[in-house]
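Heads up: the structure comes next, in structure tokens.
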2 protein chains.
Amino acid sequence: MTPDQIFIAAAISSWQQVVTRVGALCLSLNEEQLSVEVAPGKNRILYLWGHLTAIHDGMFSVLRLGERLHPELDAIFIRQPDRSIPLPTSAEIAESWDAIHTALLSRFTTLGPHQWLERHGNVSAEEFEQNSTRNRLAVLLGRTNHASYHFGQMMLAKLKTP
Amino acid sequence: MTPDQIFIAAAISSWQQVVTRVGALCLSLNEEQLSVEVAPGKNRILYLWGHLTAIHDGMFSVLRLGERLHPELDAIFIRQPDRSIPLPTSAEIAESWDAIHTALLSRFTTLGPHQWLERHGNVSAEEFEQNSTRNRLAVLLGRTNHASYHFGQMMLAKLKTP
């Protein structure tokens, strides 16, 4: 591998590590355990799992990697806080989670190093010319941190599971 | 900047973003607020702040960037759980936090892209030959995720601050 390729592989590996941990945690919990709140009156683990699923599904658009698989998740897990509307079942979230991450990883590997430094989909070509740090790689690193952030909260909630 | 340099700059920027958020949060809290637990009977915010300070101080060694500034923190914040021994004051942690991150950032910028792909300090030259992903960059990405993980927990605890 060239140094460029090693850099990208490290970023994808870091992403994959967090995604694997979140998936393994959530799949190990039953419905009752997934209903435990991360703090009194706050998000349930199931909601956070759906939230990460929706945000990661949005990466197809932000990374300009094709059509999203589950745009319907945004209305439930991004635009509304927990307890506003009924959530999908954990089996449904698990299925979306798996499909989205399998597809994302496979598309990630189609991007060459220089494509990771191209603009992301939320920035115009003009804006990108002013600020080249708004690239796909920055999105990947940012979403990895975001997932770690919520994973830390899920792990706390797990301590309270029956 | 060359692509190599942009990759590294993105990773450092991601690190710096999390470090800045943790520092801003902790500096905004008073002693009473820093004593709020992230979960009943679990770590206090102040402990987590010290824990991240100790882990990040350890990065001087792991990244082979010279002497650590505060090796004494490990006994308090890594080898012992919260409430085992009295903690330093928040002013002391704030001072260490600041000194460590200023020095780390300045040393990060002395490393060229290919140096980020050299082995980290916890792996032998022989082991690294078998597995070249155990490089400095992987440590930086891993520590960034680790900080995000605890930052998510601190933000939950902040909801409970008086």
Side-chain angles (χ1 to χ4, degrees), chain A residues 1-19 21-22 36-43 48 52 112-118 120 131-161, chain B residues 1-19 21-22 36-43 48 52 112-118 120 131-161:
Chain A
M1 291 206 285
T2 65
D4 282 8
Q5 289 170 325
I6 300 175
F7 288 130
I8 294 304
I12 293 176
S13 161
S14 169
W15 156 264
Q16 206 51 31
Q17 193 171 62
V18 178
V19 163
R21 286 177 186 167
V22 170
V36 169
E37 301 165 327
V38 298
K42 297 292 163 188
N43 297 322
L48 281 183
L52 291 179
H114 71 278
Q115 291 173 301
W116 279 102
L117 299 185
E118 290 171 351
H120 64 64
N131 182 356
S132 66
T133 66
R134 302 181 70 179
N135 52 44
R136 286 185 174 113
L137 177 64
V139 171
L140 180 66
L141 296 175
R143 293 298 185 276
T144 304
N145 283 341
H146 174 258
S148 296
Y149 175 99
H150 287 305
F151 181 53
Q153 300 178 334
M154 291 164 145
M155 287 295 282
L156 276 188
K158 183 180 180 247
L159 296 171
K160 295 185 280 181
T161 55
Chain B
M1 288 207 286
T2 65
D4 281 7
Q5 289 169 325
I6 300 176
F7 288 129
I8 295 304
I12 294 175
S13 162
S14 170
W15 155 263
Q16 206 49 33
Q17 194 171 59
V18 179
V19 163
R21 285 177 186 166
V22 170
V36 169
E37 299 166 330
V38 298
K42 297 293 163 186
N43 296 324
L48 281 183
L52 290 178
H114 72 276
Q115 291 174 301
W116 279 101
L117 299 185
E118 289 171 351
H120 65 62
N131 183 355
S132 67
T133 66
R134 303 182 70 178
N135 52 45
R136 287 185 174 114
L137 177 63
V139 171
L140 180 65
L141 296 175
R143 294 297 185 275
T144 303
N145 284 340
H146 174 258
S148 296
Y149 176 99
H150 287 305
F151 181 53
Q153 299 177 333
M154 291 165 146
M155 287 296 282
L156 276 187
K158 182 179 179 248
L159 296 170
K160 296 185 280 181
T161 55

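Keep in mind it's a predicted model, so treat the numbers as computed, not measured. Just so we're on the same page: letters track the sequence lines, and every chain starts at 1.
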Check: Applying the side-chain contact (heavy atoms from CB on, under 4.5 Å) test to B:Ile6, which of A:Asn135, A:Thr133, A:Asp4 qualifies?
Finding: A:Asn135

Item checked: Sequence-distant partners of B:Glu118, salt bridge (charged side-chain N to carboxylate O under 4.0 Å, His left out), two or more places apart -> B:Arg64, B:Arg136

Next item on the list: Against chain B, work out which of A:Ala157, A:Pro113, A:Ala39 has the most heavy-atom pairs shorter than 4.5 Å and name it.
Entry: A:Pro113

Note to self: Under 4.5 Å from any heavy atom of chain A, what part of B:Val38 do you find: side chain, backbone, both or neither?
What the structure shows: both

Next item on the list: Let me know if B:Ala138 has heavy atoms under 4.5 Å from chain A in its side chain, its backbone, both or neither.
Entry: neither

Note to self: Working to the nearest 0.5 angstrom, can you tell me the gap between A:Lys42 NZ and B:Leu156 CG?
What the structure shows: 9.0 Å

Margin query: I'd like to verify something: which residue of B:Gln153, B:Met1, B:Gln17, B:His114 has the highest number of heavy-atom pairs under 4.5 Å with chain A?
Written below: B:Gln153

Next item on the list: Can you check whether anything in residues 140-150 of chain A gets within less than 4.5 Å of chain B, heavy-atom wise, and list it by number?
Entry: A:Leu141, A:Thr144, A:Asn145, A:Ser148, A:Tyr149

